[in-house]
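In what follows, a single structure is set out as structure tokens and then discussed.
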Protein chains: 2
Amino acid sequence: MSGYTVGQLARLAGVTVRTLHHYDEVGLLSPGGRTRAGYRRYDDAELDRLQQILFYRELGFPLEEIAAILDDRSVSPTEHLRRQRELIGDRIRKLEDLAAAVERAMEARTLGIQLTPEEKFEVFGKDYQENWEDEAEQRWGDTDAWKQSQAKTSTYTKADWERIKAETDAVNDALVAAFTAGAAPDSPEAMDAAEQHRGHIGLNFYECAPQMHRCLGDMYVADERFTATYEQLAPGLAGWLRDAIHANADRQEQS
Amino acid sequence: MSGYTVGQLARLAGVTVRTLHHYDEVGLLSPGGRTRAGYRRYDDAELDRLQQILFYRELGFPLEEIAAILDDRSVSPTEHLRRQRELIGDRIRKLEDLAAAVERAMEARTLGIQLTPEEKFEVFGKDYQENWEDEAEQRWGDTDAWKQSQAKTSTYTKADWERIKAETDAVNDALVAAFTAGAAPDSPEAMDAAEQHRGHIGLNFYECAPQMHRCLGDMYVADERFTATYEQLAPGLAGWLRDAIHANADRQEQS
DNA sequence: CTCCGGCCTCACGTCGCGTGAGGGTCAAGC
DNA sequence: GCTTGACCCTCACGCGACGTGAGGCCGGAG
């Protein structure tokens, strides 16, 4: 029968032996039994329980409360999982608010605006999940403002469009050719194709220094929408292109 | 000249008086001065510092480390904000991993599948906050943005992508809302939405300075593959977004 | 039979405060 | 001028969730 010693379980779960001892002491997680020598023996049930414990701990619950939650027999395991998901969602939402506050702070900083003391701290004030409903109302309330659409046309004409499309296709063809030929991302052909790509952008859209080109390359693998377009041309192309762009950027900067 | 007593500052920041006393004791946040009677007097500088402290504390940093971080004069306030955003992103990512693990557990449960012990705990293994100094050095020591992005995106999981997709949707919703409401590209709403878009990229992919953002905006109208995604959301959105991005970039640089 | 790694039980230390105890301060109202 | 009540001060001990040894007992490999 599978059983674990403290050390084994600790390693598995990424906690210390002392932590397991502590959980035993406070009755949060007692071993299923002991060997004659007094060694703690944990088995699968305890392993599962420990997993649950760590979930709730990660979410900041005190051990005593965790014990209460887990020992509540009226809550099914599935229900636990649902709860955990919700709690994680709450926590993420709070962090996103924090991120938004940081964003505001940056904005205020670059604009030289002074935030009021209240504004500076309001994000810390919201305790856990108090006003979910108010927030939702506020968020959806704005929806009323969705009224009419009025399109502003792009500054590009259809002719420009056609030309750019043709050029883009040509550049992409070159990329695909080099890629499918098995050229390494740091091979001359790959770097040349990347440079062509850079030139295409610089010619048609905006100045694209190697450094900026790198960012673009990263975005091709990082932003799924863009990744998709390249992966459609050839599976693996997005990552390869990024590497090629980087190699080329390095080369360009060597001078 | 505005000054706060402990109680006032405590109420503002949503912490207890004792906490402020403690921060004074350990030298993390000392009042600007004292009254004759020995009352602590805090002013705006301390208020700002407290805000920073709470940010880092929220992210789980020990007080001593927070002091070290904040007292590092080689880090500009703007840099702090960037770091904080990074850290929040990390934290969110970790929680998403947790959520994914919960998801897997639910799935396994309904399917009656047994997960291996390793699978059960692997999500707890990554000590996201492990070693600030080393990581910070690795992450920010090299100013090249691409290394960040590479390190960041290579660790993305499916859950991350789901989150990013959700975030992207939210950002796009905001854009569509402003656009269909008839807001001009250089209206505050449009620029705010554009800034949100920029923040989204910065949080998830790589640092996206206004100049870089301009490039992206141009590409949205210039490259049909990317244009399509926006035109699908609302006809005319791509061009409008480009203009909004430019207007916002101009605004951001005005300082 | 002896190592060496792992296990055991105390038991004290740490971090970030909470929670009084005992006492001074200050603006308001009687 | 005096009281009242809210607020401030400084100790100082307590607590949760472990960390960190100290000192000693298994158990399998050589």
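These numbers come from the heavy atoms of this one structure, side chains and all, not from hydrogens, waters or symmetry mates. Sequence lines set the chain letters: A, B, ... in the order given, protein chains first and strands last, and positions in each chain run from 1.
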- If only side-chain N and O atoms of B/Arg41 are considered, is one of them under 4.0 Å from the OP1 or OP2 phosphate oxygen of D/dC8? no
- Query: Does A/Tyr56 reach the side chain of A/Leu70, with side-chain heavy atoms less than 4.5 Å apart?
  - Reply: yes
- Message: Here's a test of your reading of the structure: between A/Arg18 and A/Ala37, which maps to the more 5' nucleotide of DNA chain D?
- Response: A/Arg18
- Message: Please compare B/Arg57 and A/Thr5 by the position of their nearest nucleotide in DNA chain C and report the one closer to 5'.
- Response: A/Thr5
- Query: Does the side chain of B/Arg40 get closer than 4.0 angstrom to OP1 or OP2 of D/dC9 through an N or O atom?
  - Reply: yes
- Note on the structure: When rounded to the nearest 0.5 Å, the distance separating CG of B/Leu59 from CG of A/Leu95 is 7.0 Å
- Query: Is the closest side-chain heavy-atom distance between B/Asp48 and B/Gln52 below 4.5 Å?
  - Reply: no
- Query: Reading DNA chain C 5' to 3', which nucleotide is the first, and which the last, to come under 4.0 Å of any heavy atom in chain A?
  - Reply: C/dG6 to C/dA11
- Hey, is B/Arg91 close enough to A/Glu58 for a salt bridge, meaning N to O under 4.0 Å? yes
- So which of residues 20-30 of chain A are in contact with DNA chain C, with a heavy-atom cut-off of under 4.0 Å? A/His21
- Query: Contact class for B/Thr16 (heavy atom, under 4.0 Å): base, sugar-phosphate, or nothing?
  - Reply: sugar-phosphate
- Give the rounded distance in Å between these two atoms: CG of A/Leu63 and P of D/dG16. 10 Å
- Task: Give the rounded distance in Å between these two atoms: CG of A/Leu59 and P of D/dA17.
- Result: 15 Å
- Message: Could you check whether B/Arg83 pairs with B/Glu86 (Lys NZ or Arg NE/NH1/NH2 to Asp/Glu carboxylate O, under 4.0 Å)?
- Response: no
- Taking B/Arg49 for its side chain and B/Leu28 for its backbone only, find out whether a donor-acceptor pair lies under 3.5 Å. yes
- Task: Determine whether more than 12 heavy atoms belonging to other residues, nucleotides or ligands lie under 6.0 Å from atom CD of A/Gln8.
- Result: yes
- Message: Salt bridge check, A/Glu79 against A/Arg82: does any charged N sit closer than 4.0 Å to a carboxylate O?
- Response: yes
- Under a 4.5 Å cut-off applied to non-hydrogen side-chain atoms, are B/Thr5 and B/Tyr39 in contact? no
- Message: For A/Thr19 and A/Arg36, find the nucleotide of DNA chain D closest to each by heavy atoms; which residue's nucleotide sits nearer the 5' end?
- Response: A/Thr19
- Message: So A/Arg34, base contact, sugar-phosphate only, or nothing? Heavy-atom distance under 4.0 Å.
- Response: sugar-phosphate
